[in-house]
Amino acid sequence: MGSPLVLVLGGTRSGKSRHALELTRGWAGDGRAWFLATAWSGDPELDARIELHRAHRPRAWPTVEVGTDLAGAVRSTVPGEPLLVDGLTLWLSALAGDEPVDLEPILVGPVDAALHALTERDGPVCVVSDELGVGMAPLDPGARAFRDLTGLVHQAFAAAADEVRFVIAGLPVRLKP
């Protein structure tokens, strides 16, 4: 199959990160994989989640803090070695900020650049993201814009991905192929 790109979607605490970690661990075997982290510390609850995720992955796996430049972070990894990006939602949050934004510059700028870097990369890639579009429409305009941005990004990544999986209650469901 070459170098697959797998998108793993799911809700909060659905098991999507655990599933993505198992998949990436299978690709890596006894070798290493790269972990691209999009979460930033500073919030006690998020810090606890970061530590939990860190404790579950092999220490030998290099971690790259993405910030807002996912494409650059992808290019900083060693080609051929598996890559796990966890996850798109926090990265998009860093790009969009807290106010309603024009989605087009984000989609044709950093999102297109990241997708290009991931699809052109030599080596298997797993990307994790939170599915936000199955709940109620938020009242806040900024939250609605972010939900819309996430949905559009998921569509673009799913179209480019070799596989798409949706994890619910710890159970992965294959959506593509």
Side-chain angles (χ1 to χ4, degrees), residues 1-29 31-41 46 49-96 106-107 109-133 146 149-167 172 174-176:
M1 173 186 216
S3 297
L5 172 60
V6 178
L7 176 62
V8 177
L9 301 170
T12 302
R13 299 286 198 205
S14 64
K16 65 189 174 300
S17 291
R18 183 180 66 246
H19 178 70
L21 180 62
E22 291 170 3
L23 176 65
T24 307
R25 203 177 289 218
W27 289 333
R32 69 179 189 173
W34 290 79
F35 185 85
L36 272 55
T38 62
W40 56 93
S41 60
L46 190 54
R49 286 180 187 234
I50 291 170
E51 285 306 314
L52 181 66
H53 282 253
R54 190 174 287 140
H56 285 106
R57 65 181 182 263
R59 291 183 189 263
W61 289 14
T63 298
V64 177
E65 302 292 335
V66 171
T68 57
D69 187 10
L70 179 54
V74 170
R75 288 190 296 272
S76 75
T77 65
V78 175
E81 295 182 342
L83 175 66
L84 173 55
V85 180
D86 196 355
L88 285 183
T89 318
L90 286 174
W91 174 64
L92 291 171
S93 180
L95 292 174
I106 294 173
L107 293 169
V111 170
D112 278 351
L115 191 52
H116 180 76
L118 290 164
T119 57
E120 295 299 313
R121 185 178 184 279
D122 178 33
V125 176
C126 185
V127 178
V128 178
S129 194
D130 294 286
E131 179 52 60
L132 305 178
F146 183 72
L149 173 64
T150 303
L152 293 169
V153 169
H154 286 171
Q155 289 182 54
F157 272 67
D162 299 293
E163 291 183 43
V164 180
R165 301 173 185 188
F166 185 78
V167 180
R174 186 174 294 220
L175 302 178
K176 178 184 176 182

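In what follows, residues are counted from 1 in the order of the sequence shown. As the structure is a computational prediction, the values presented were derived from the model and not from experiment. Because only heavy atoms are used, hydrogens play no part in the values below, and waters and symmetry mates are left out as well, while side chains stay in.
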Using side-chain contact (heavy atoms from CB on, under 4.5 Å) as the criterion, point out the one residue from L83, L115, L118 that pairs with V127.
-> L118
Ignoring hydrogens and angles, tell me if any N or O in the side chain of T77 forms a donor-acceptor pair with the backbone of V74 under 3.5 Å.
-> yes
Between D86 and L21, is any pair of side-chain heavy atoms under 4.5 Å apart?
-> no
Shortest non-hydrogen contact between G15 and V167, atoms and distance = C-CG1, 3.7 Å
Side chain K16, main chain F166, donor-acceptor under 3.5 Å | no
E65 side chain to G67 backbone, donor-acceptor under 3.5 Å = no
Can you name the closest pair of heavy atoms from A33 and T24 and give their distance?
-> CB-CG2, 3.6 Å
Which atom names give the shortest non-hydrogen contact between D162 and P4, and what distance separates them?
-> OD2-CA, 3.3 Å
Main-chain N/O of V78 paired with R121 side-chain donor or acceptor, under 3.5 Å | yes
So, for S3 and P124, which heavy atoms are closest and what is the spacing to 0.1 Å?
-> CB-N, 4.1 Å
Checking W34 side chain against P82 main chain: does a donor-acceptor pair fall under 3.5 Å?
-> no
Heavy-atom check, side chain of L107 versus side chain of V153, under 4.5 Å = yes
Starting at CD of E22, measure out to CG of L84 and round the result to the nearest 0.5 Å.
-> 11.5 Å
Can you tell me which residue pairs pass the salt bridge (charged side-chain N to carboxylate O under 4.0 Å, His left out) test with a partner in residues 69-78, sequence neighbours excluded?
-> none
Distance-minimising heavy-atom pair for V164 and L9 = CG1-CD1, 4.3 Å
Just wondering, do W91 and V85 contact through their side chains at under 4.5 Å, heavy atoms?
-> no
Any side-chain heavy-atom pair of L88 and L70 under 4.5 Å = yes
Are any of the side-chain heavy atoms of V8 and C126 separated by less than 4.5 Å?
-> yes
Give the intermediate values and the outcome of side chain to side chain contact (heavy atoms under 4.5 Å, CB included) for residues V111 and L152.
-> CA-CA 10 Å; V111 170; L152 293 169; over 6 Å; no
Decide if atom CZ of R59 counts as having more than 12 heavy atoms of other residues, nucleotides or ligands within a radius under 6.0 Å.
-> no
Residue list, side-chain hydrogen bond (donor to acceptor under 3.5 Å, both in side chains) with S129, at least two apart or on another chain | T89, H154
CG-OG distance between L149 and S93, expressed to the nearest 0.5 angstrom = 10.0 Å
Exam field: side chain K176 to backbone A158, donor-acceptor pair closer than 3.5 Å = yes
Minimum heavy-atom distance between P110 and I106, given as atom pair plus value | CD-O, 3.3 Å
